[in-house]
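Letters A, B, ... are given to chains in the order of the sequence lines, protein chains preceding strands, and every chain is numbered from 1.
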Protein chains: 2
Amino acid sequence: MEITFKAINDPTRREILVFLIGGAQNAGEIAKQFSMSKPSISHHLDLLKQGNLILAEKKGQYIIYSLNRSGFELVHGWFQGFAQYFEFPKPKIRL
Amino acid sequence: MEITFKAINDPTRREILVFLIGGAQNAGEIAKQFSMSKPSISHHLDLLKQGNLILAEKKGQYIIYSLNRSGFELVHGWFQGFAQYFEFPKPKIRL
DNA sequence: TAAATAATTAAACGAATGTCTAAATATTTA
DNA sequence: TAAATATTTAGACATTCGTTTAATTATTTA
């Protein structure tokens, strides 16, 4: 919980998550998107992984990162209480 | 955006938000819930207000705090992209 | 108007965070 | 096996963050 919220607190990490919506990518490709050193990105990836927001899979000398449902479910669940309080609109029919 | 995510990053502030689901409360009543000095709580309330997660209304010598829809909508909107990616389940019928 | 109550603002300080460069590890290729 | 490539780990450092106590502001009550 705590670590997951901490992970989405940083703007760079949120950008990484949005970037990964487009599909899984290796660490180098992710780092290219940012004007920041590779070790910094590596550290951000580690925190996102700790928060269960991304998965890491080693493929040869590369590490492929992809979005992890479980961290998002956790945060989503926390927000449910407020969504009910505010009665956020929902689609009439399940898509 | 940035300030709103920062606001929900702290566990005490998240607890304050959950507490306010039960209804609006003045600063003193909120502070009572926590083993922490009043100025600390006051500071947390300020950050939550900056993040548009709560509203403050002065009533005499009291200040009444309540949940503010707008901050929650912001975060909810950010999550929508991921909800679609993961296809989070939705109720079949609008309640 | 003086005292009491509610709450914030100010100042200080240790802990946590994000970034960098340099070094280390692992894997592939020549 | 040596060099190149991909990535992480380690160490250092400035900045931000959360907390406290003391002081200040605003409002109510005796």
Side-chain angles (χ1 to χ4, degrees), chain A residues 1-20 22-68 71 75 78, chain B residues 1-20 22-68 71 75 78:
Chain A
M1 186 81 190
E2 177 63 16
I3 187 87
T4 304
F5 273 100
K6 185 165 78 175
I8 58 174
N9 183 44
D10 182 82
T12 300
R13 291 195 286 270
R14 289 197 302 275
E15 281 188 62
I16 291 174
L17 293 175
V18 169
F19 177 62
L20 289 177
Q25 290 286 355
N26 66 55
E29 288 302 314
I30 295 169
K32 271 187 195 165
Q33 303 294 316
F34 301 89
S35 50
M36 192 180 290
S37 72
K38 276 186 184 181
S40 288
I41 296 297
S42 183
H43 177 236
H44 285 311
L45 290 170
D46 181 50
L47 289 176
L48 287 169
K49 194 171 64 178
Q50 284 184 48
N52 297 305
L53 289 160
I54 61 174
L55 295 166
E57 187 188 3
K58 184 144 191 175
K59 269 274 168 70
Q61 68 190 140
Y62 297 88
I63 298 179
I64 313 296
Y65 288 95
S66 59
L67 295 178
N68 181 355
V75 180
W78 187 78
Chain B
M1 186 84 191
E2 177 64 15
I3 187 87
T4 303
F5 273 100
K6 184 166 80 176
I8 58 175
N9 183 45
D10 182 81
T12 301
R13 290 195 288 270
R14 288 199 301 275
E15 282 189 61
I16 291 173
L17 292 175
V18 169
F19 177 62
L20 290 177
Q25 290 286 356
N26 66 54
E29 288 302 315
I30 295 169
K32 270 188 195 162
Q33 303 295 316
F34 301 89
S35 52
M36 192 179 292
S37 71
K38 275 188 185 180
S40 286
I41 298 297
S42 184
H43 176 235
H44 285 311
L45 290 170
D46 181 49
L47 289 177
L48 287 169
K49 194 170 63 175
Q50 283 184 48
N52 298 305
L53 288 159
I54 61 174
L55 294 167
E57 187 186 4
K58 185 144 192 174
K59 268 273 168 74
Q61 67 190 142
Y62 298 88
I63 298 180
I64 313 297
Y65 288 95
S66 58
L67 295 178
N68 180 356
V75 181
W78 188 79

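Side-chain atoms of B/Gln61 come within donor-acceptor range of the base of C/dT5, with a qualifying N/O pair under 3.5 Å.
Taking atom CD1 on B/Ile30 and atom C1' on C/dT8, their separation rounds to 14 Å, with Å as the unit. A/Glu57 places its CD atom 18 Å from the P atom of D/dA6, with the value rounded to the nearest Å. D/dA26 atom P lies 20 Å from atom NZ of B/Lys59, rounded to whole Å. In this structure, the NZ atom of A/Lys32 is 8 Å from the P atom of D/dA6, given to the nearest Å. Atom CD1 of B/Ile41 and atom C1' of C/dT8 are 13 Å apart (whole Å). Atom-to-atom, CG of B/Leu47 to P of D/dT16 comes out at 14 Å; the value is rounded to the nearest Å. A straight line from CD1 of A/Ile63 to P of C/dT25 spans 15 Å, rounded to a whole angstrom. The distance from atom CG of B/Asn9 to atom P of C/dA16 is 14 Å, rounded to the nearest whole Å.
B/Tyr65 comes within contact range of the sugar-phosphate backbone alone, with a heavy-atom separation under 4.0 Å but no base atom that close. B/Asp46 comes within contact range of no nucleotide atom at all, as no heavy-atom separation falls under 4.0 Å.
Residues B/Ile41 and B/Thr12 have side chains in contact (heavy-atom distance under 4.5 Å, counting atoms from C-beta outward). Between A/His44 and A/Met36, some side-chain heavy-atom pair lies under the 4.5 Å cut-off. By the 4.5 Å heavy-atom criterion applied to side chains, A/Ile64 and A/Asn26 are counted as neighbours.
In this model, the phosphate group of C/dA7 is approached by a side-chain N or O of B/Asn26 to a distance below 4.0 Å at OP1 or OP2. Dashed line: the shortest gap from a side-chain N or O of B/His43 to OP1 or OP2 of C/dA7 is not under 4.0 Å. Residue B/Ser37 places none of its side-chain N or O atoms closer than 4.0 Å to OP1 or OP2 of D/dT19. A close approach under 4.0 Å does occur between a side-chain nitrogen or oxygen of A/Ser40 and OP1 or OP2 of C/dC20.
Put simply, the side chain of A/Arg14 gets close to the backbone of A/Asn9: a donor and an acceptor are under 3.5 Å apart.
The nucleotide whose nearest atom lies closest to any side-chain atom of A/Ala27 is, among D/dT7, C/dA10, D/dT9, D/dT7. Comparing C/dA10, D/dA26, C/dG18 by their nearest atom to the side chain of B/Lys58 picks out D/dA26.
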Would B/Lys49 and B/Leu45 count as a side-chain contact (heavy atoms from CB on, under 4.5 Å) here? Give the steps.
CA-CA 6 Å; B/Lys49 194 170 63 175; B/Leu45 290 170; over 6 Å; no
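Across the interface with DNA chain C, nearest-nucleotide mapping of A/Thr12 and B/Ser42 shows B/Ser42 to be the residue nearer the 5′ end. Remark on DNA chain C: of its neighbouring residues A/Lys38 and A/Tyr62, the 5'-side contact belongs to A/Lys38, judged by nearest-heavy-atom nucleotide.
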